[in-house]
Amino acid sequence: MSRAPLWRAIIALGVIAASLFFALTQSARLGLDLRGGTQIVLETKDSPVVKANAESTQRALEVLRQRVDALGVSEPSLYRSGQQRIFVELPGLQDPREAAEVIGRTAQLTVHPVRGVTDKQDENKGKPAEDGSRTLADPDQKGAFLKLGPTALTGEGVKDAEAALDQQTMSGWMVNLTFRGQAGKDWARITGAAACAPQGAHERRVAIVLDGKVLSAPAVNADVACEVGISGGSTQITGGFDREEARELAALVKGGALPLPVEVVEQRTVGPTLGADAIAASAQAAIIGLALTGLFILVVYRLLGALATIALALYGLISYAALVALGATLTLPGLAGFVLAIGMAVDANVLVFERAREEYLGVRALKSAPAASAHLDKPLRTGFGKAWSAVVDSNVTTLLAAGLLFFFATGPVKGFGVTLSIGVLVSMISALVITRVLADFAIRRRFVRGRPGLTGITSTGRVRAWLAHRKPRLVHHRRRWLGVSALLIVAAVAGIGLRGLDFGVEFTGGRLVEYSTSRPVDVDAARAAVTDAGFPRAVVQESGDGDISVRTGELSNDEQHTIRTALAKEGGEVTVERDELIGPSLGDELRRHALIALGIAVAAQLIYLSVRFRWTFAAAAVAAMVHDVLLVVGLFAWLGKPVDSVFLAALLTVIGYSVNDTVVVFDRVREARRREPAADLETTANKAVIQTLPRTVNTGMGALFILAALAVLGGDSLADFSVALIAGVVVGMASTVFTAVPIAVQLDGSHPAPPVRPGRSGDSGARGPLERRGRARDSGAVV
């Protein structure tokens with residue numbers, strides 16, 4: 001007896017146990033679009049002194065980190081991206097003006113003589129007086145304040161700062177400073193004056209201040225002569241630092257000494273209620289969509305459908321656990337991807353169950369019904385084996401699209417690529433391991449063997465029965481279908497040309513602000529208020545449940561506040577629900593990346609499919625994919641819906657889904673041609689379409705239940721995303737039958753495969769490793 005079922009059960013239990021552990025012990029890391037707050041993306045620019053690169057940008061980040069800490073924001077996040085970008089995430093901060101004022105200004109490093117110490121801060125609260133003096137907290141003594149003289153030296157004079165081990169004590173670290181030009185003489189003058197004070201006096205100290213905070217206030221050593229000071233253009237700051245403290249101080253001093261101009265290229269603010277509403281809506285959509293999908297496959301596949309529903313619930317658990325275990329950030333599009341992947345996870349189960357049905361019906365045609373029912377496990381086992389290659393091929397195409405989203409998308413949409421990738425990988429484990437363990441266990445029960453109708457694989461199914469009765473020759477009318485496809489493409493292109501695409505601010509640059517008012521405001525009144533405030537060219541529209549969206553070109557934070565004040569006169573209390581600012585350079589970059597991502601998606605799918613199938617099949621699949629993309633883009637053009645990064649995520653998902661659906665049919669054609677290489681391709685393709693149509697319909701229905709729930713419950717943030725995917729799923733289901741297969745047959749007729757050499761079977765076109773390995777197996781199964 002094979003031990004494979006035992007190993008599968010052990011693996012399934014291990015994965016479930018690990019998932020429960022992570023799900024119960026860790027919480028998901030929510031993006032700012034779900035928990036509310038402000039994200040600012042800064043880009044460093046070259047200064048006359050230093051070039052903007054990874055090293056100097058990292059130093060600027062350390063300076064910014066100190067400034068953000070002064071804001072008092074809970075759990076801020078700062079990180080560098082690439083050579084010149086710094087991402088600043090400020091949870092809970094709703095006023096971008098406050099953040100921009102603090103983090104946007106150039107670092108100011110200054111050096112001051114210490115005049116004394118006091119236990120009270122002066123009335124200026126750290127701000128310079130008329131004579132340039134100020135009082136700041138003493139970093140070495142809690143509750144004490146240093147009285148500082150006017151600025152004697154600025155950071156412009158510091159050439160370098162480096163942490164080093166104190167060679168005298170060998171037990172602590174210090175910071176070596178190197179000055180440039182006149183700054184070295186200024187340092188000698190400052191320290192020379194301080195050396196004239198008695199030992200132990202506060203006046204013997206020199207304060208180094210960055211952005212109004214004393215970083216260090218070391219005392220001049222006893223061997224420094226009065227009025228002579230420390231010469232040579234360099235000095236050391238000691239103070240019992242450990243290695244990390246010395247490195248941090250050196251980075252701050254160096255960063256202040258070599259300031260880099262920074263430019264805000266992107267800014268996003270999300271209100272505290274918008275994220276909570278999105279989470280609640282997505283959770284409801286997931287529960288309702290999963291319930292409807294589970295009910296649907298329960299009706300179609302009965303007991304196996306019930307087991308698949310359990311596997312889907314476990315799929316949700318495993319996906320969430322993988323998300324928190326990897327520390328991935330869950331964003332709003334990512335949440336949508338998590339919900340969508342539930343619908344796509346049905347696909348592998350449906351593939352297996354439909355193959356099992358075919359195997360059972362084939363066995364029953366050769367044996368009596370009782371004899372066939374006595375061996376229910378064989379059709380199921382064969383179904384899992386024969387569905388393997390289709391599951392792998394279809395999921396790889398979706399993973400290619402998800403990978404492109406991760407590498408080319410920015411901001412929250414990157415999270416969609418992460419959750420979709422996790423969802424695809426987990427769906428394979430759910431269907432091929434967990435569902436199989438549950439199904440193997442159920443099929444071996446005597447109660448089930450005595451009632452084979454419970455399993456769901458002994459029935460023909462309505463779609464299959466209708467096809468068997470009508471026996472449609474779908475591929476025979478391929479010229480007609482291709483003509484219809486061509487007309488649809490013309491209509492889509494006409495929409496793009498006549499109506500144009502409404503590119504969002506992410507691709508054009510500009511600012512989009514969504515305001516919520518305590519009293520209902522008519523959109524015409526809001527438009528008039530914005531115009532009177534001095535923004536006649538702003539696009540003012542109604543958004544969501546009575547919210548007002550304002551879209552403009554360049555708009556400062558103060559101008560945004562002016563618009564908010566103007567709307568308050570009409571609608572009472574006004575809150576900012578969403579605020580997106582994209583610089584023109586970033587808009588160009590995002591638009592360029594979107595085109596690159598789409599181009600690479602087409603090329604990657606073509607290359608992969610060419611390896612796995614004949615080039616004629618690959619070209620047909622890619623042509624159908626381009627057809628689907630054009631139709632979805634054309635639909636958005638005719639409807640006037642915005643084309644933004646979320647739409648790009650939907651479009652790449654449509655690409656993955658379109659090829660996914662086509663691959664399943666081509667996999668069946670490939671299998672049939674291995675058995676009968678001399679058969680007419682039109683007949684073989686028509687038979688493959690009829691055999692896989694039940695799977696196409698059932699999988700599409702599972703995805704549509706989820707997407708419909710997202711469209712209704714997801715709110716404005718996800719409505720357009722869901723519409724694009726619904727259109728993509730419907731068009732993808734149709735294009736597989738009426739576009740991809742007809743093109744493949746046409747191309748194969750014009751470029752037939754070379755004759756099969758004696759002793760070989762199957763299509764002589766390009767075969768992947770799985771095909772070559774699987775030719776000798778039963779009915780061409782790849783296991």
Side-chain angles (χ1 to χ4, degrees), residues 49 107-118 122 124 126-141 144-169 172-241 245-246 249-259:
V49 180
Q108 295 295 325
L109 178 75
T110 54
V111 178
H112 303 257
V114 176
R115 291 178 171 175
V117 66
T118 180
D122 62 7
N124 292 330
K127 297 181 180 180
E130 291 184 3
D131 61 354
S133 63
R134 62 201 308 186
T135 302
L136 295 175
D138 188 346
D140 299 332
Q141 186 176 351
F145 295 89
L146 295 177
K147 295 180 179 178
L148 306 181
T151 300
L153 179 65
T154 67
E156 296 288 344
V158 179
K159 183 178 181 180
D160 195 14
E162 182 181 9
L165 185 65
D166 191 335
Q167 298 296 325
Q168 294 183 353
T169 63
W173 285 73
M174 61 183 182
V175 177
N176 290 327
L177 295 182
T178 304
F179 300 100
R180 61 165 57 90
Q182 179 63 34
K185 298 178 182 179
D186 291 339
W187 178 254
R189 176 175 52 80
I190 298 167
T191 53
C196 295
Q199 288 290 332
H202 290 290
E203 289 77 5
R204 199 173 177 87
R205 299 167 68 184
V206 176
I208 300 172
V209 179
L210 180 67
D211 287 341
K213 179 182 178 181
V214 179
L215 294 179
S216 178
V220 176
N221 289 337
D223 57 354
V224 176
C226 176
E227 300 296 346
V228 175
I230 302 174
S231 58
S234 64
T235 190
Q236 294 82 36
I237 302 176
T238 59
F241 305 120
E245 289 173 339
L249 177 57
L252 289 172
V253 171
K254 194 173 182 179
L258 302 174

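Computed from a prediction, not measured in an experiment: that's the story for all the values here.
- Closest approach of G192 and C196 over heavy atoms only: O-SG, 3.4 Å.
- Annotation for G116 and E203: closest pair CA-OE2, 3.9 Å, computed over non-hydrogen atoms.
- Taking 4.0 Å as the cut-off between side-chain N and carboxylate O, D160 and R180 do not count as a salt-bridged pair.
- In this structure a side-chain-to-backbone donor-acceptor pair under 3.5 Å is present from T191 to I230.
- Contacts of A152 classified as side chain to side chain contact (heavy atoms under 4.5 Å, CB included), with partners at least two apart in sequence or in another chain: P113, I190.
- Proximity of T135 to L148: side-chain heavy atoms (C-beta onward) are nowhere separated by under 4.5 Å.
- Residues satisfying the side-chain hydrogen bond (donor to acceptor under 3.5 Å, both in side chains) test with Q182, not counting sequence neighbours, are D186.
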Donor-acceptor pairs under 3.5 angstrom involving side-chain atoms of residues 220-229: please list them, not counting sequence neighbours.
none

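- Annotation: side chain of V206 is in contact with side chain of V111 (closest heavy-atom distance under 4.5 Å).
- Annotation: side chain to side chain contact (heavy atoms under 4.5 Å, CB included) contacts of T151 (sequence neighbours excluded): T110, H112, T154.
- If you take OG on S234 and CG on L177, they are separated by 8.5 Å, rounding to the nearest 0.5 Å.
- Of all non-hydrogen atoms in A246 and W173, the two that sit nearest each other are CB-CB, 3.6 Å.
- No side-chain heavy atom of T178 sits less than 4.5 Å from a side-chain heavy atom of V158.
- When all heavy atoms of S133 and R115 are compared, the pair lying nearest together is CB-NH1, 4.0 Å.
- Among residues at least two apart or in separate chains, ring pair (Phe, Tyr, Trp, His ring centres under 6.0 Å) pairs with a member in residues 184-215 are F179-W187.
- In terms of the side chain to side chain contact (heavy atoms under 4.5 Å, CB included) criterion, E162 has no residue partners (sequence neighbours excluded).
- V117 is not listed as a side-chain neighbour of K147, based on a closest heavy-atom distance of 4.5 Å or more.
- The side chain to side chain contact (heavy atoms under 4.5 Å, CB included) search around A137 returns F145, not counting sequence neighbours.
- Interatomic distance, D138 CG to L146 CG, rounded to the nearest 0.5 Å: 4.0 Å.
- R204 meets the salt bridge (Lys or Arg N to Asp or Glu O under 4.0 Å) test with no other residue; sequence neighbours excluded.
- Atoms CD1 and NZ, on I208 and K213 in that order, are 14.0 Å from each other to the nearest 0.5 Å.
- The heavy-atom pair separating L165 from M174 by the smallest distance is O-CE, 4.0 Å.
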